[in-house]
Amino acid sequence: MKNKEAPGMSLIVKSVTRLTAGLILIYGIYIVFRGHIGPGGGFAGGVIIALSLVHLMLAFGKDVVLKRLDEARGIIISSLGALAFLILGIVGFLGFKAPFLKERFEHFSAGLIPIYDVVIGVLVSSGLFITFLALVLLTGKREKK
Amino acid sequence: MSLYFLCLILFCIGLYCVLRKRNIIKIIVGVGIIEYAVNLLLILIGYRQNGRAPISANDQEILNMVDPLPQAMVLTTIVIGLAVMVILVALALRIYEKHGTFDITKIRRLKG
Amino acid sequence: MEIHLILIFMICAALFAAETKDLISSLIALSVAGLGLCLAFLILKAPNLAITQLVVEIIYVIILIRATIDKDLPLVRDGRWLFNTVSAMLFAIVFLSFAYFALKEIPVFGQPLMRVSNEYVTSGLEKTGSANIVSAITLNFRSFDALAEAAVLFTAIIGVLAITRKTGKIDEK
């Protein structure tokens with residue numbers, strides 16, 4: 001923090017980011033979980049979570065974020081989200097004599113809809129973040145040449 | 001009727017931008033404008049006069065909701081538009097890296 | 001009436017985005033048109049779409065500005081700009097004249113055809129338990145829609161990772 005070669009933007013931006021990035025992340029999770037009772041849903045909440053990571057990365061430089069979520073780990077999380085969507089569809093199909101992607105058991109509030117929302121949120125957030133990361137790393141590699 | 005016509009004018013501006021401009025980023029902007037016009041036209045068709053949002057509540061009657069089916073379709077359309085836009089930007093960056101320009105008429109002459 | 005004003009505002013923003021010479025201001029004008037679309041969704045009683053459009057708009061602008069941040073080149077204007085303009089105008093005229101006949105079949109503004117969605121509106125709450133009818137449609141009545149949407153997005157992510165891959169393995173040796 002103190003040395004002059006610290007990557008990223010100025011001290012003001014870093015201080016404000018330290019306050020707001022967590023709030024944006026929590027708001028994204030809130031939007032994901034209220035998709036069945038109000039406006040919101042898995043896609044919008046997932047994009048908000050990805051935007052909080054992008055915000056962190058624009059302020060602090062890419063090394064801070066790359067330590068926690070790099071490309072190899074992000075594509076694994078995103079694939080797990082896509083696979084879980086399919087498995088949730090097959091669960092109702094096999095065990096409960098319902099059509100594919102429907103369910104016959106009664107969950108807490110709205111059947112499988114909140115769980116689908118969470119799964120789509122995982123897929124979208126990690127996928128969009130590694131897409132942004134790939135585009136930025138491509139540009140950085142070209143500038144270095 | 002005039003609303004639909006204004007929407008189609010917006011579509012035509014996007015079409016002009018795609019056909020006429022030479023910069024690849026301008027072409028991507030034109031694709032975005034076309035996508036906005038189509039989304040807005042689909043939502044305008046499903047609107048009901050003095051309707052309310054398609055979210056159920058206890059104290060209101062059910063039958064004056066706006067049409068929820070175009071909204072579900074447009075939700076899918078926005079996601080597909082984002083996917084198309086990301087792929088286009090990646091292709092444009094690759095073209096810039098290989099040819100050194102965004103101008104689509106210069107790409108032919110440079111040859112690798 | 002507000003919808004007319006917002007549409008005219010969006011048309012002005014789109015014209016500016018198409019005609020300005022600076023790439024950064026063109027992108028910002030595109031995002032202004034997107035914010036107008038978000039307002040139009042709010043007035044047309046579609047809050048789900050308003051949230052999604054607002055958020056997607058921000059990620060468009062971030063990705064596009066990051067892509068063009070130091071590659072601003074002047075607009076070249078040599079050769080057949082008259083031919084290009086005339087052919088674009090011709091396409092627009094053909095499109096509008098076909099649209100004039102097509103618009104007669106579309107229902108009047110304010111009175112939608114509810115032939116399919118009457119079923120969803122009346123029995124959506126007790127069949128699915130979800131108060132938000134739009135997410136009940138996308139995730140329960142028409143789940144294949146959400147499945148295909150997730151498939152398209154996942155394919156796009158894998159496509160971007162394949163396009164921006166660094167080097168092939170043959171180049172290593």
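Lettering follows sequence order; numbering is per chain, from 1. Predicted, not measured: the structure shown is a model, and the values here were computed from it.
- Minimum interatomic distance between Ile113(A) and Ala136(C) (heavy atoms only, all atoms of both residues): CD1-CA, 4.2 Å.
- The parts of Ala146(C) that come within reach of chain A are both its backbone and its side chain, each placing non-hydrogen atoms under 4.5 angstrom from that chain.
- The interface of residues 51-63 of chain C with chain A, defined by heavy-atom distances below 4.5 Å, comprises Ile51(C), Thr52(C), Val55(C), Val56(C), Ile58(C), Ile59(C), Ile62(C), Ile63(C).
- Contacts between residues 27-40 of chain C and chain A, defined by a heavy-atom separation under 4.5 Å, are made by no residue at all.
- In plain terms, the two heavy atoms of Ser135(C) and Gly35(A) that are nearest each other are OG-O, 3.2 Å.
- The number of heavy-atom neighbours closer than 6.0 Å to OH of Tyr27(A), taken from other residues, nucleotides and ligands shown, is 12 or below.
- With values rounded to the nearest 0.5 angstrom, Ile120(A) atom CD1 is found 9.5 Å from Leu153(C) atom CG.
- The contact between Ile75(A) and chain C is made entirely by side chain atoms (from C-beta outward), counting heavy-atom distances below 4.5 Å.
- Not one N or O on the side chain of Asn132(C) forms a donor-acceptor pair closer than 3.5 Å with the backbone of Ile37(A).
- Proximity to chain C is absent for every atom of Val119(A), based on heavy atoms less than 4.5 angstrom apart.
- Interface summary for chain C: among Ser78(A), Gly41(A), Ala50(A), the most heavy-atom pairs under 4.5 angstrom belong to Ser78(A).
- With a 4.5 angstrom heavy-atom cutoff, Ile48(A) touches chain C via backbone and side-chain atoms both.
- Pairing each heavy atom of Ile157(C) with each of Leu128(A), the nearest pair is CD1-N, 4.4 Å.
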Please table the atom pairs, donor to acceptor, closer than 3.5 Å between any side-chain atom in residues 103-117 of chain C and protein atoms at least two apart or in another chain.
from, atom 1, to, atom 2, distance (Å)
Ser117(C), OG, Asp67(B), OD1, 2.5

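- Residues meeting the side-chain contact (heavy atoms from CB on, under 4.5 Å) test with Ser97(C), sequence neighbours left out: none.
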